[in-house]
*Asks:* 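Let me give you the structure first, and then I'll get to my questions.
All heavy atoms count here, side chains included; hydrogens, waters and symmetry mates do not.
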Amino acid sequence: MAIDLNIVIGGAAGQGVHTITGLLAKILVRQGCQVLFVQDYQSRIRGGHLFNRIRVSDQPLMSSREGIDLLVALNQETVLLHRDELSPDGVIIYDASVVSELPAGRSSLALTAGDLLPDRKAAEVAINAGASGALLGLLKVPLPPLMAMLLEAFEAKGSEVVGWNHKAAAAGYRLGAAAGNSHSLAGITAPAQPRLLLSGHEAVAVGALAAGLQFLSGYPMTPWSSVLNAIGQRAEKFGVVVEQAEDEIAAINLAIGASYAGVRAMTGSSGGGFALMVEALGLAGCSETPLVILESQRPGPSTGLPTRTEQGDLSFVLSAGQGDFPRAVLAPGTAAQGFALTARAFNLADRYQLPVFVITDQYFGDTNFTHEPGDFPAAVKIERAIDTGPVDGVYERYALTAIGISPRRLPGFGPVVVADSDEHTPDGHLTEDLAVRVAMHDKRLRKLKGLAQELDGITTDGPDDAPLTLACWGSSLGPVKEAVARLNAQSTPARMVHFSELWPFPAQAVARSLGRPKRLVMVEMNATGQFNRLLRQETGTGADHLVLKYDGAPLTPEYILRALAGHT
C-alpha cells in the first residue's frame, strides 16, 4: 500500500475518545481515504483506559493491524501503555496539562491550554477539538470539514461551546501543520461517489429493517446493545415496535408471540443473556415459529470480559435447547455480509418456520468499515410464506409434509390456529401418542435437508493450488484475508477459505472449497477450535494446525503470521 497509517487515540472513559474518533473517521472518509476503526474499551462508566485504532489507507481495508504511527494521548496512561507500539517515525500528540512523561527520542507535539484558548477552563473542554485539528494539520487534510462537524456535534450546547471548539481546532491545526513529519494524506482526493462508513452492527440493523422487521425485543447487554440502539433510533421512521424487556426471558417470549401473531420479529443478546433464552428457544422450535436471534459473542464463561471480543459461543448456539429441533446459523465476516445475511435470516425463518441465528462478536459489531454504496443491494426480496388459500375441514397447523414445512396461517384470519409447546398432533393439540411423536419429530427434522441445499456462504481468496490454506469463520475474515495477501506478496503461496453459513453444515460445498491442501490451518478466536471440531464432525477431517486467540483483543494479520512462523 502506498499509504497505510495507524492512528491510536487513547484516554479514560468520559474523556470523549469515541467522539473524536467518530469525527475524524468521517472526515477522512469524505476526504477520499479508506478507513477502518476499532474500539477498545473497559467495562467502566468513567475511568479505565480506552482507545480507538483508526487505520487509514488509499486502498480498501479489511482488518485492523498492529503498530502506531500517530498516537493521540489525552492522559499519561495512554503514553505508558502504547509507547512500545510506536513505529520508528511515530508521532505523539499529547495534552501537556496531564502528560509529563514521554519516551526518549520520539517526535511529539504538545497541546497546551495557552496555545489552544486563552481561557484554561474552555481549553480543557475543547482539548478533543484541538487534538483533532492538530492531527488533521499533521496529515495535511483540510480543516473546514472538521469545523462543520464540530458545529453539528455541539450546536445543541450553544454558540459559546461551538466557538471554543472551533478556536481550539483552528489553533491545533496550525500547530500540526507547522510540525514536520513524514505522514501526509495530501495526495488523496475525494471520491466521485460518497462512501459509507458503518459498523458491523449498524449494517445488521439496516439489514433487518430492509427485510421488513416489525418487532424487536431485547435487554441491554454489551455488545448486542448496539443493535438494539441502532434499530431503536430508526424505529419510528420504519414503523418498528421496539420493546426493552425486563430480562432476556421476557424478550424472547415477546418475540415469539409477535411472530406467532404474524409480524417479522427479532430478539438478541450476548452469551450470558442468550443463556436465559434457551428454554424459550425450544418453544420456537417445537411450535415452528419463525424467529431471528442475534447472538453477539464476548469472552466467557460467566460475565467474562464484558467489552472484549471472542468467537466462543458457536458450540453453544449449535446445541442450545433441550431435544432435537432444526435451526440455521449464519456468521457474517464483513458489514456487507452482516446486512445481507440478516436480511436472508428473516426469509429463511419464514419459509422454514424455525429459529435462525446471526452470530457476531464485539470486534465485528463495534468496528467501522468503509464500503462503496454498491457493496449493498438496492433492494431486498421479502419472502413471507403465509398461506391464505381455502381450508377444507380442520386446519392442520402442523400437517405432515414431505419437506417438513406445513402451511402457515395467521391467527384471526380464517380458521382457528392451534399451536402447542408440548408434542402435538397435526392440528396442534397435545398428544401422548408415541407414533405421532415420532412422525412429528421426523417432520420437523426434514426441514434440514432443504435448508442445507440452500446454504453455502463460502468466500475464497488466493491461488486455488496453494499448498497452504487458512480457514476461518465469522469476523476472522478480514485479518485472515490480509495475512494471506501478505504471504502471497512474500512468495509464500497461500489461500483463504471463509465460512459464513454454518448450520445446517454445507458439507459437500465445504469439502469442495477446501480441496486437498498440503497444509490446512484453522484460525479462530476461541480456546478449543470450535469450528474445527464441527468440521471434523461433519466431514471426518480437520485442520493440521490451529491458530487460536482468546485474550479478548481482536485478531490481527501480524498475530496470524507470527503463529504460522512458529509452526513451520
*Asks:* Without swapping roles, check the side chain of Glu524 against the backbone of Cys472 for a donor-acceptor pair under 3.5 Å.
*Replies:* no
*Asks:* Please check this pair: side chain of Gln297 against backbone of Thr360, looking for a donor-acceptor N/O pair closer than 3.5 Å.
*Replies:* yes
*Asks:* What is the distance from atom CG of Leu80 to atom OG1 of Thr78, rounded to the nearest 0.5 Å?
*Replies:* 8.5 Å
*Asks:* Between Arg55 and Glu66, is there a side-chain N and carboxylate O pair less than 4.0 Å apart?
*Replies:* no
*Asks:* In the structure I gave you, are the side-chain heavy atoms of Leu135 and Ile93 within less than 4.5 Å of one another anywhere?
*Replies:* yes
*Asks:* Are Glu501 and Arg344 ion-paired here, with the side-chain N under 4.0 Å from a carboxylate O?
*Replies:* yes
*Asks:* Using modelled atom types only, decide if a donor and an acceptor are shared between the side chain of Asn488 and the backbone of Ala494 within a distance under 3.5 Å.
*Replies:* yes
*Asks:* Is it true that atom CD of Glu236 has more than 12 heavy atoms of other residues, nucleotides or ligands lying nearer than 6.0 Å?
*Replies:* no
*Asks:* Mind checking the CG-CG spacing from Leu185 to Leu136? Nearest 0.5 Å is all I need.
*Replies:* 9.0 Å
*Asks:* Any sub-3.5 Å donor-acceptor pair from Ser57's side-chain atoms to Gln34's backbone N or O?
*Replies:* no
*Asks:* State the OG-CD1 distance between Ser475 and Ile359, to the nearest 0.5 angstrom.
*Replies:* 11.0 Å
*Asks:* Do the side chain of Asn526 and the main chain of Gln311 share a donor and acceptor less than 3.5 angstrom apart?
*Replies:* yes
*Asks:* For a quick test of reading the model, state the closest non-hydrogen atom pair linking Asn128 to Gln15 and the distance between them.
*Replies:* ND2-O, 2.9 Å
*Asks:* In terms of side-chain heavy atoms, does Ser226 have a donor or acceptor partner in Asn229 at a distance below 3.5 Å?
*Replies:* no
*Asks:* With a 4.5 Å cut-off on side-chain heavy atoms, are Thr370 and Phe37 touching?
*Replies:* no
*Asks:* Determine, step by step, whether Leu470 and Val497 satisfy the side chain to side chain contact (heavy atoms under 4.5 Å, CB included) criterion, reporting the C-alpha distance in whole Å, the side-chain angles of both residues, the deciding distance to 0.1 Å, and the verdict.
*Replies:* CA-CA 6 Å; Leu470 272 61; Val497 181; over 6 Å; no
*Asks:* Do NZ/NE/NH1/NH2 and the carboxylate oxygens of Glu310 and Arg298 come within less than 4.0 Å?
*Replies:* no
*Asks:* Between Gln31 (side chain only) and Ile27 (backbone N and O only), is there a donor and an acceptor less than 3.5 Å apart?
*Replies:* no
*Asks:* Do Phe339 and Val380 make a side-chain contact, defined as non-hydrogen atoms from C-beta onward lying under 4.5 Å apart?
*Replies:* yes
*Asks:* Could you report the tightest heavy-atom contact between Leu70 and His183, atom names first, then the distance?
*Replies:* CD2-CD2, 3.9 Å
*Asks:* Would you say the side chains of Ser182 and Asp89 form a donor-acceptor pair under 3.5 Å?
*Replies:* yes
*Asks:* Quick check: closest heavy atoms across Thr21 and Ile9, and the distance to 0.1 Å?
*Replies:* OG1-CD1, 3.8 Å
*Asks:* Ignoring hydrogens and geometry beyond distance, is a side-chain donor-acceptor pair present between Ser199 and Asn368 at under 3.5 Å?
*Replies:* no
*Asks:* Do Tyr363 and Leu555 come close enough that some side-chain heavy atom pair is under 4.5 Å?
*Replies:* no
*Asks:* Quick one: do Asp69 and Ile7 satisfy side chain to side chain contact (heavy atoms under 4.5 Å, CB included)? Show the steps, please.
*Replies:* CA-CA 6 Å; Asp69 300 302; Ile7 304 168; over 6 Å; no
*Asks:* Nearest 0.5 Å, please: how far is OG1 in Thr222 from CZ in Arg308?
*Replies:* 11.5 Å
*Asks:* Would you say the side chains of His498 and Ser476 form a donor-acceptor pair under 3.5 Å?
*Replies:* no
*Asks:* How far apart are the closest heavy atoms of Ile231 and Ala208, and which atoms are they?
*Replies:* CD1-CB, 4.4 Å
*Asks:* Salt bridge between Arg486 and Glu482, side-chain N to carboxylate O under 4.0 Å?
*Replies:* yes
*Asks:* Can you measure from CE (Met525) to CG (Asp361) and round to the nearest 0.5 angstrom?
*Replies:* 4.5 Å
*Asks:* For the residue pair Leu109 and Leu175, establish whether any side-chain heavy-atom pair is separated by less than 4.5 Å.
*Replies:* yes
*Asks:* How close do Val29 and Pro191 get, heavy atom to heavy atom, and via which atoms?
*Replies:* O-CD, 4.3 Å
*Asks:* Got a sec: does the CD of Gln42 have more than 12 other heavy atoms crowding it under 6.0 Å?
*Replies:* yes
*Asks:* Which heavy atom of Gly218 sits nearest a heavy atom of Trp224, and at what distance?
*Replies:* CA-CZ2, 4.0 Å
*Asks:* Show your reasoning for whether side chain to side chain contact (heavy atoms under 4.5 Å, CB included) applies to Ile68 and Arg53.
*Replies:* CA-CA 9 Å; Ile68 299 174; Arg53 191 182 299 269; 4.0 Å; yes
*Asks:* Between Asp464 and Arg495, is the closest basic N to carboxylate O distance under 4.0 Å?
*Replies:* yes
*Asks:* Would you please test Leu514 and Phe499 for side chain to side chain contact (heavy atoms under 4.5 Å, CB included) and show each step?
*Replies:* CA-CA 11 Å; Leu514 289 177; Phe499 306 100; 4.1 Å; yes
*Asks:* Treating Lys549 as the side-chain partner and Ala553 as the backbone partner, does any N or O pair qualify as donor plus acceptor under 3.5 Å?
*Replies:* yes
*Asks:* Donor-acceptor check, side chain of Arg264 to backbone of Ala211, threshold 3.5 angstrom: yes or no?
*Replies:* yes
*Asks:* For the residue pair Arg106 and Leu86, establish whether any side-chain heavy-atom pair is separated by less than 4.5 Å.
*Replies:* yes
*Asks:* Between Asp95 and Thr112, is there a donor-acceptor pair closer than 3.5 Å when you use the side chain of the first and the backbone of the second?
*Replies:* no
*Asks:* Within the 4.5 Å heavy-atom criterion, are Pro299 and Tyr550 side-chain neighbours or not?
*Replies:* no
*Asks:* Quick one: sort the Tyr41 and His18 rings into parallel, tilted or perpendicular, breaks at 30° and 60°.
*Replies:* perpendicular
*Asks:* Mind checking whether His371 and Phe376 have parallel, tilted or perpendicular rings, split at 30° and 60°?
*Replies:* perpendicular
*Asks:* Could you grab the distance from atom CE of Met149 to atom CG of Asn165, nearest 0.5 Å is fine?
*Replies:* 14.5 Å
*Asks:* A side-chain contact here means heavy atoms from C-beta on lying under 4.5 Å apart; do Leu216 and Thr267 qualify?
*Replies:* no
*Asks:* Taking NZ in Lys26 as the centre, count heavy atoms belonging to other residues, nucleotides or ligands within less than 6.0 Å. Is the count above 12?
*Replies:* no
*Asks:* Checking the side chain of Gln193 only, and the main-chain atoms of Pro373 only, is there a donor and an acceptor separated by less than 3.5 Å?
*Replies:* no
